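Predicted, not measured: the structure shown is a model, and the values here were computed from it. Atoms within a ligand are numbered from 1 in the order they appear, just like the ligands themselves.
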Amino acid sequence: MSKVVITFGTFDVFHVGHLRILQKARSLGDHLVVGVSTDELTFKKKKRLPVYSQEERYEIISSLKSVDECFFEERLEDKGSYITRYSAGLLVMGDDWEGRFDEYSDLCEIVYLKRTKSISTTAIIEKIRS
Ligand code: CTP
C-alpha cells in the first residue's frame with residue numbers, strides 16, 4: 001500500500017530550508033500532501049502577513065517535483081481532520097514544532113525533521129530590510 005506523507009507550513013519567500021524539508025518528507029513515503037497556511041492563519045501564527053499571497057505560495061509549492069498535492073490549511077486545530085481526509089500515514093514537521101503535534105500519534109506516525117541551519121523567511125526579510 002502506498003504511504004501518504006502530510007506536512008504543513010506557510011512557505012513564504014520560498015528558500016532552501018523549505019525545499020529540503022519537502023524533498024526529505026517526500027522521500028519518506030510515496031505521495032506528499034502539503035497544507036499551505038492561508039494568509040489569515042499565518043497572521044495568527046506569526047503576527048504578520050506573508051510577503052507572498054496564499055495563491056502565490058500555493059502556486060510555487062504545487063509546482064515542485066517533490067509535491068504531489070496541495071490544499072489550504074485554514075486552522076491549526078484541524079490537523080486531525082486533514083490527516084484523516086488525506087489518509088496520511090506520516091506527519092512531517094520541522095523540529096521547531098518538536099512535540100507540538102504528538103496528540104495526533106493515534107492517527108498517524110509523526111516525525112520532526114531537523115531544520116536547515118541559518119535560514120528562515122524572517123531572517124531573509126530582515127536581511128533585505130537592513
Ligand atoms: N523549515 C526548515 N528549515 C528552515 C526553515 C523552515 O526545515 N531553515 C521548515 C519548518 O520547520 C516548517 C516548514 O519548513 O516545517 C515551513 O516553515 P515556515 O514557518 O513556513 O518557514 P520559516 O522560514 O521558519 O518562516 P518564519 O521565519 O516566518 O517563521
**Test: Lys79 cationic atom under 6.0 Å from Phe8 six-membered ring centre, within 45° of axis** = yes
**Fill in**
If we number the atoms of ligand 1 from 1 as shown, the ones under 4.0 Å from a heavy atom of Asp96 are 10 (C), 11 (O)
**Request:** Look only at the side chain of Tyr58 and the backbone of Cys70, and say whether a donor-acceptor pair between them is shorter than 3.5 Å.
**Result:** yes
**Asked** Of the protein's non-hydrogen atoms, which lies at the shortest distance from atom 21 (O) of ligand 1, and what is that distance?
**Response** His18 NE2, 2.9 Å
**Message:** Return the closest protein heavy atom for atom 20 (O) of ligand 1 as residue, atom name and distance.
**Reply:** Phe11 N, 2.8 Å
**Prompt:** Using heavy atoms and a threshold below 4.0 Å, how should the contact between His15 and ligand 1 be classified: side chain, backbone, both, or neither?
**Reply:** side chain
**Request:** Could you tell me whether the side chain of Thr121 and the main chain of Asp12 form a donor-acceptor pair under 3.5 Å?
**Result:** yes
**Message:** On a heavy-atom basis, I'd like to know which of Lys117, Glu126, Arg115, Arg57 is closest to atom 1 (N) of ligand 1.
**Reply:** Arg115
**Message:** Between Phe71 and Ile6, is there a side-chain heavy-atom distance shorter than 4.5 Å?
**Reply:** yes
**Item:** Reference residue Thr10; test side chain to side chain donor-acceptor pair (under 3.5 Å); the match among Arg57, Gln54, Lys46, Lys45
**Value:** Lys45
**Asked** Are a donor atom and an acceptor atom from the side chains of Ser120 and Arg115 found within less than 3.5 Å of each other?
**Response** no
**Fill in**
Closest to atom 12 (C) of ligand 1 among protein heavy atoms sits Gly94 N, 4.3 Å
**Asked** Going hydrophobic residue to hydrophobic residue with side-chain gaps under 4.5 angstrom, can you get from Leu90 over to Tyr86?
**Response** no
**Request:** Would you mind telling me if ligand 1 is within reach of the side chain of Thr122, the backbone, both or neither, using heavy atoms under 4.0 Å?
**Result:** both
**Item:** Short N or O distance, Thr121 and ligand 1, threshold 3.5 Å exclusive
**Value:** yes
**Prompt:** So which bit of Thr10 gets within less than 4.0 Å of ligand 1, heavy atoms only: side chain, backbone, both or neither?
**Reply:** both
**Asked** Based purely on interatomic distance, does Ile119 place a nitrogen or oxygen under 3.5 Å from a nitrogen or oxygen of ligand 1?
**Response** yes
**Prompt:** Any idea which part of Lys46 is under 4.0 Å from ligand 1, heavy-atom wise: side chain, backbone, both or neither?
**Reply:** side chain
**Message:** Under a 3.5 Å distance rule, please check whether Asp68 uses its side chain to pair with a backbone N or O of Val33 as donor and acceptor.
**Reply:** no
**Request:** Could you tell me whether Arg48 approaches ligand 1 through its side chain, its backbone, both or neither, with non-hydrogen atoms closer than 4.0 Å?
**Result:** side chain
**Request:** Provide, to 0.1 Å, the distance between atom 3 (N) of ligand 1 and the closest protein heavy atom, together with that atom's residue and name.
**Result:** Thr116 N, 3.1 Å
**Asked** Which word best sums up how the rings of Phe14 and Phe11 line up, parallel for under 30°, tilted for 30 to 60°, or perpendicular for over 60°?
**Response** tilted
